[in-house]
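The sequence lines fix the lettering, A, B, ..., with proteins before strands; numbering per chain opens at 1. These values consider heavy atoms only, across backbone and side chains, with no hydrogens, waters or symmetry-generated copies.
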Protein chains: 2
Amino acid sequence: MKDSPEDQIVNAILDAIAEQRLPAGTKLGEQALSDLFSCNRANVRRALASLAAQQVVELRPNRGAFVMTPSPKEARDIFQARRAIERTIARHASGQASADDIAFLRDNILEEAEARKAGDKPAELRASRQFHMRIAQIAGNLVLERFLSELTMRSTLILGLYSPTGSSSCAEDEHDRIVDALEAGDTENLVQLADEHLRHLEAGLNFDEPPAAPMSLQEQLMVPRRTPPAK
Amino acid sequence: MKDSPEDQIVNAILDAIAEQRLPAGTKLGEQALSDLFSCNRANVRRALASLAAQQVVELRPNRGAFVMTPSPKEARDIFQARRAIERTIARHASGQASADDIAFLRDNILEEAEARKAGDKPAELRASRQFHMRIAQIAGNLVLERFLSELTMRSTLILGLYSPTGSSSCAEDEHDRIVDALEAGDTENLVQLADEHLRHLEAGLNFDEPPAAPMSLQEQLMVPRRTPPAK
DNA sequence: TTGTCATTTATTGTTAACAATATTTGATAA
DNA sequence: TTATCAAATATTGTTAACAATAAATGACAA
C-alpha cells in the first residue's frame, strides 16, 4: 500500500509548502530531491511536472524548478476564487455535518489556538488548513475540494510573502462562529461568515514592500515538525 | 518561439479532448505519442503526468495512460462546480465586456450554429467552448479561467459518454440572451441565465445505459488546430 | 469448439551515460 | 578594490539500453 515515488515527492512538497517550511522561490533541485527520496531523476522530473500543473511550482527552462512566487495580482485572483468556492462549499455543507465532523472542527480550533500560543507556526497552519478542508469534505464535492486544496496551498505562499508576520492566519473566533452556523444549519449566515473570514485574511496582506525570499532547498522537507527561523 | 515537446503534447491532447476526437477511455500509449510528436518517451511521460494532474488523464500503474472516464458522481460534481464558477465569472464579467468582446461572442454564436447545421461536431464544440472561455477572460480572473478550462474539458468527456446524441450541446438562443445581458450589464439576469444554461446542459444527461468506449489511440490527434489566440 | 496455461510479444518502468546549458570561480586589468 | 571575462563546475535536458510487468498468442486437453 505504499505509493509511487512521484506521489511521495509531490505530497512531501505539498505538505512542506502548506506548513511554510518551503517558502516561495525556493529552488527545487533535481539531484537534491532524488537524493532525499532515494529515487532516480526521472521520477523527480515527473513529480515536478505534476506540481507545475497544479501551479505550486514554476518550471523555468534550463534553470530548474522553483516554488511558485505569486504576484499581487495572482494573490487577488486566488482570494477571489477562494471566496467563490468556499461560499459554495459552505452552502452545500450547511446542515450536512455529522456529530463527528463537529467534534473534529471544535477540537481543531483548540489545536490551532494551542499551536499559536506555542509559537508553532507549521502546526498552526496545518490545523487551519485542515479546518477549511474538513468543511469541504462535508460539502461532498470532490472537484471543489481539490480546487480548494490548491488554493489554500497557494494562499499559504501568499501569506508567507505579503503578511506582516502576525496577521498571517485565521482568527479563531471566526472559526468558532463558523462551526456554530454549520451545526445550526443556518446557511445564509454560514456563507456570510465564510466570505467575511476570507476578506479579513486578505485584508491583512501588504503588497508594499517587495518580498525577499530565501532560495535554497531547505532540508526541512523531511522534518516532521519544527521551524526555528534561526539566522 | 516554439514551445517544449511536453507543452505540444499536452495542448494537442487537450484540444483533441475538447473537440471529442479523443473519447473517454482511449489509451494513450507512450510509444505511439513519442512517434507522433517525434520526441523521446521521457517527454511523453512528463506530459502525461501533467495531464493526470489536471484530471483529464488517468494513470494506471504498469498499464499506461488513458483518457479519463468520469463517473456519474464526478459528472454531478463537475457540473455543480461549473455552476459555482461560471456564476462568479458572470458576476465579474457583467458590464466589463468591450465592443470587441461582444462582437466576438455574437460571431461565435453564428459560427456554432453553422457548425451544428453542417454536422461538424468538433467545430461546434470548439465554438461553444470558446464562448464560455471568452466570458471567463472578460471576468479577468486567471485562476477561475483555468478552473473553467479544466471543467469544460471534462464536461466534453461527460457529454460524449452520457449524452443521447443530440442534446449534447448548448442551446444557441441561451447564448444569445447571455450576450444580451452581458452587454446590458444586467448582472443578476446574467448570473441567472448562466446558471440555467448549465442546468439545462446537465439535465440532458442520461446515466442509465453504461457508456461503451472505443479504446484505441485515434490518430485524429494530428488534425490541424485553429484556435485563435485570446484578445 | 472452449477453457487453461505456458510462451511470446509489447508496453511500462528504471537506470546510467552523455550533451547542452547555466552558474560559479578565479585570474587579469583598470 | 571593482569589473570583466574565460575556464571550471554544476545542473538540466536527452538518449538509449535494460528490467519488470502486462497483454497477446497459440498449443493442448476436455
Just to verify, what does [X] make a side-chain contact (heavy atoms from CB on, under 4.5 Å) with, not counting sequence neighbours?
{"X": "A/Ala194", "value": "A/Ala90"}
{"X": "B/Asn40", "value": "B/Ala42, B/Asn43"}
{"X": "B/Ala93", "value": "B/Ile135, B/Ile138, B/Ala139, B/Leu182"}

* Tell me, which pairs form a side-chain hydrogen bond (donor to acceptor under 3.5 Å, both in side chains) where one or both residues lie in residues 47-66 of chain A, sequence neighbours left out? -> none
* Structure fact -> With sequence neighbours left out, the residues meeting salt bridge (charged side-chain N to carboxylate O under 4.0 Å, His left out) with A/Arg129 are none
* Asked: Got a sec, which residues hit salt bridge (charged side-chain N to carboxylate O under 4.0 Å, His left out) with B/Arg45, two or more places apart in sequence or on another chain?
  -> B/Glu30
* For every nucleotide of nucleotides 11-16 of chain D, 5' to 3': is a protein heavy atom under 4.0 Å from its base (B), only from its sugar-phosphate (S), or from neither (-)? -> SBBBB-
* **Protein-nucleotide distance (A/Leu59, atom CG; C/dA22, atom P), rounded to Å** => 15 Å
* How far does the helix from C/dT1-D/dA30 to C/dA30-D/dT1 bend, going by the axes of its first and last five pairs, to the nearest 10°? -> 0°
* Give every residue pair that meets the salt bridge (charged side-chain N to carboxylate O under 4.0 Å, His left out) criterion with at least one member in residues 136-151 of chain A, sequence neighbours excluded. => A/Arg146-B/Glu150, A/Glu150-A/Arg154, A/Glu150-B/Arg146
* Contact summary for B/Pro70 and B/Leu161, nearest pair of heavy atoms -> CD-CD1, 3.5 Å
